[in-house]
Q: 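One structure follows; several queries about it will come next.
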Amino acid sequence: LNDNSAFNQNDLMFAAGQGTHVQGGGYNPVAMTFKHALSWVKFYVCKKDLTGYDIVVNSIKLNGASYQGTLTLSNGQFNEETPQETGKVEATWSDTTPKNDVSVPNAKGDDVATAVKLTKSAQLFGNGLLVVPGYADSFTINYTLTQEDGTANTFDYTYTLPTGEWKMAKKYFYNINISLHEIEVKPSVTEWDASHADVNTGIEINK
């Protein structure tokens, strides 16, 4: 996988046939069960209260994640000479350097996510980022705070990610609550196709 694929938000999946090879050139139909090879990192943003000021999140940048690597699949191959049941595919990533700092996109990696004015309801910021399973250092939120008198200031806030590893085929959510005095980040994790925890629940990632 090269970095251009990840930046353009192309998913990567793999599968092994669950069936039997019939010797002599004939093949039975083989069911294919696909699995996601990447991790999906998404950000939800909201405002802790609605009193006296506005907050707009301009961008979120993921720092030090891998968008390039080698995926190695082992087991699960058919033997072309002897009928053989397929086994479970084992997938591992390697050579996941260099790492990059990339802003959260919209539908494609070359489209920077649209700024979001915060409400008390959680909103998805951009489209998330597909990354090679592994680690990242932090993410940086750029936001503008406008006070009641119209005074506006723009800030950068960098959140250092807990030590741990993003797993293959997992979706990681970072629920970000911003107020006048503090920023709370509540992480949660689900299977790729499952819904995430409520923004106020903040299920900790098991790392």
Side-chain angles (χ1 to χ4, degrees), residues 1-16 33-46 57 59-77 87-106 108-109 113 122 124-142 156-177 183-207:
L1 177 74
N2 62 38
D3 54 356
N4 289 329
S5 296
F7 292 158
N8 288 320
Q9 299 293 274
N10 293 325
D11 193 8
L12 176 64
M13 303 181 75
F14 63 91
T33 301
F34 285 86
K35 183 176 181 180
H36 297 278
L38 298 172
S39 304
W40 194 357
V41 181
K42 305 185 79 173
F43 300 90
Y44 280 78
V45 291
C46 69
V57 173
S59 66
I60 299 177
K61 181 176 67 176
L62 189 60
N63 306 313
S66 294
Y67 299 89
Q68 180 175 328
T70 301
L71 178 65
T72 302
L73 305 178
S74 58
N75 299 327
Q77 295 93 355
K88 181 180 178 181
V89 171
E90 296 178 1
T92 56
W93 281 98
S94 60
D95 303 320
T96 57
T97 54
K99 295 190 172 186
N100 299 89
D101 300 343
V102 179
S103 293
V104 174
N106 281 330
K108 294 184 177 180
L124 176 64
F125 186 84
N127 196 46
L129 286 166
L130 299 176
V131 298
V132 172
Y135 304 88
D137 301 324
S138 60
F139 62 80
T140 300
I141 307 162
N142 178 272
D156 281 330
Y157 172 79
T158 297
Y159 174 79
T160 300
L161 291 164
T163 302
E165 181 179 1
W166 291 324
K167 303 293 185 182
M168 190 180 302
K170 300 285 187 181
K171 189 186 294 184
Y172 294 89
F173 298 91
Y174 294 93
N175 300 314
I176 303 164
N177 254 317
I183 296 176
E184 295 178 349
V185 178
K186 300 178 180 180
S188 61
V189 60
T190 69
E191 297 298 326
W192 188 282
D193 297 318
S195 60
H196 81 299
D198 182 85
V199 69
N200 295 313
T201 303
I203 298 173
E204 291 296 326
I205 295 176
N206 183 18
K207 291 190 172 183

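The analysis underlying the following values was restricted to heavy atoms, covering all of them including side chains, and did not include hydrogens, waters or symmetry mates. Along the sequence shown, residues are numbered consecutively beginning with 1.
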Q: Apply ring-ring contact (aromatic ring centres under 6.0 Å, His included) to Phe43 and Phe139, showing your working.
A: CA-CA 10 Å; Phe43 300 90; Phe139 62 80; 4.9 Å; yes
Q: Any donor-acceptor pair under 3.5 Å linking the side chain of Lys61 with the backbone of Ser103?
A: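 Such a contact is absent between Lys61 side chain and Ser103 backbone.
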Q: So which atom in Pro133 and which in Trp93 form the shortest heavy-atom distance, rounded to 0.1 Å?
A: CD-NE1, 3.3 Å
Q: Working to the nearest 0.5 angstrom, can you tell me the gap between Ile183 CD1 and Asn177 CG?
A: 10.0 Å
Q: Do Thr70 and Ser94 get their side chains close enough for a donor-acceptor pair, meaning under 3.5 Å?
A: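 Absent: no donor and acceptor within the cut-off.
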Q: Report the C-alpha separation of Tyr135 and Lys99 in whole Å, then their side-chain angles, then the decisive distance to 0.1 Å, and conclude whether the side-chain contact (heavy atoms from CB on, under 4.5 Å) test is met.
A: CA-CA 9 Å; Tyr135 304 88; Lys99 295 190 172 186; 3.7 Å; yes
Q: Once rounded to the nearest 0.5 Å, what's the spacing between atom OH of Tyr44 and atom OH of Tyr174?
A: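 So the gap between those two atoms works out to 14.5 Å.
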Q: For the residue pair Ser39 and Leu130, establish whether any side-chain heavy-atom pair is separated by less than 4.5 Å.
A: no
Q: I need the Trp192 CH2 to Lys167 NZ distance, nearest 0.5 Å.
A: 16.0 Å
Q: Can you check whether Leu129 reaches Val102 side chain to side chain, under 4.5 Å on heavy atoms?
A: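 Of all side-chain heavy-atom pairs linking Val102 with Leu129, at least one is under 4.5 Å.
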Q: Say you draw a straight line from CD1 of Ile141 to CD1 of Ile176; how long is it, rounded to the nearest 0.5 Å?
A: 4.0 Å
Q: Assess whether side chain to side chain donor-acceptor pair (under 3.5 Å) is satisfied between Asp156 and Asn142, documenting all intermediate values.
A: CA-CA 5 Å; Asp156 281 330; Asn142 178 272; 2.8 Å; yes
Q: Within 45° of the axis and under 6.0 Å from the centre of the six-membered ring of Trp166, does NZ or CZ of Lys170 qualify?
A: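 Ring-cation test returns no.
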Q: Do you know which two heavy atoms are closest between Glu191 and Lys171, and how far apart they sit?
A: O-CB, 4.1 Å
Q: Of the options Leu124, Val41, Val57, Ile60, which is the one that meets Val104 in a side chain to side chain contact (heavy atoms under 4.5 Å, CB included)?
A: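 Option passing the side chain to side chain contact (heavy atoms under 4.5 Å, CB included) with Val104: Ile60.
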Q: Quick check on side chain to side chain contact (heavy atoms under 4.5 Å, CB included): which of Val132, Leu62, Leu38, Thr96 does Tyr67 satisfy it with?
A: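 By the side chain to side chain contact (heavy atoms under 4.5 Å, CB included) criterion, Tyr67 pairs with just one of Val132, Leu62, Leu38, Thr96: Leu62.
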Q: Minimum heavy-atom separation for Gly126 to Ala113, with atom names?
A: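 Here Gly126 and Ala113 meet closest at CA-CB, 3.6 Å.
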Q: Please report the closest heavy-atom contact between Ala37 and Leu71, naming both atoms and the distance.
A: CB-CD2, 3.8 Å
Q: When you look at Phe14 and Met168, which way does the side-chain contact (heavy atoms from CB on, under 4.5 Å) test go after all the steps?
A: CA-CA 11 Å; Phe14 63 91; Met168 190 180 302; 3.7 Å; yes
Q: Identify the heavy atoms of Asn175 and Ser188 that sit nearest to each other, and give their distance.
A: ND2-OG, 4.0 Å
Q: What's the separation between atom CG in Asp11 and atom CH2 in Trp40, rounded to the nearest 0.5 Å?
A: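 Nearest 0.5 Å value for the CG-CH2 distance: 8.0 Å.
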Q: Can a side-chain donor-acceptor contact be found between Ser138 and Asn63 if the only test is distance below 3.5 angstrom?
A: yes
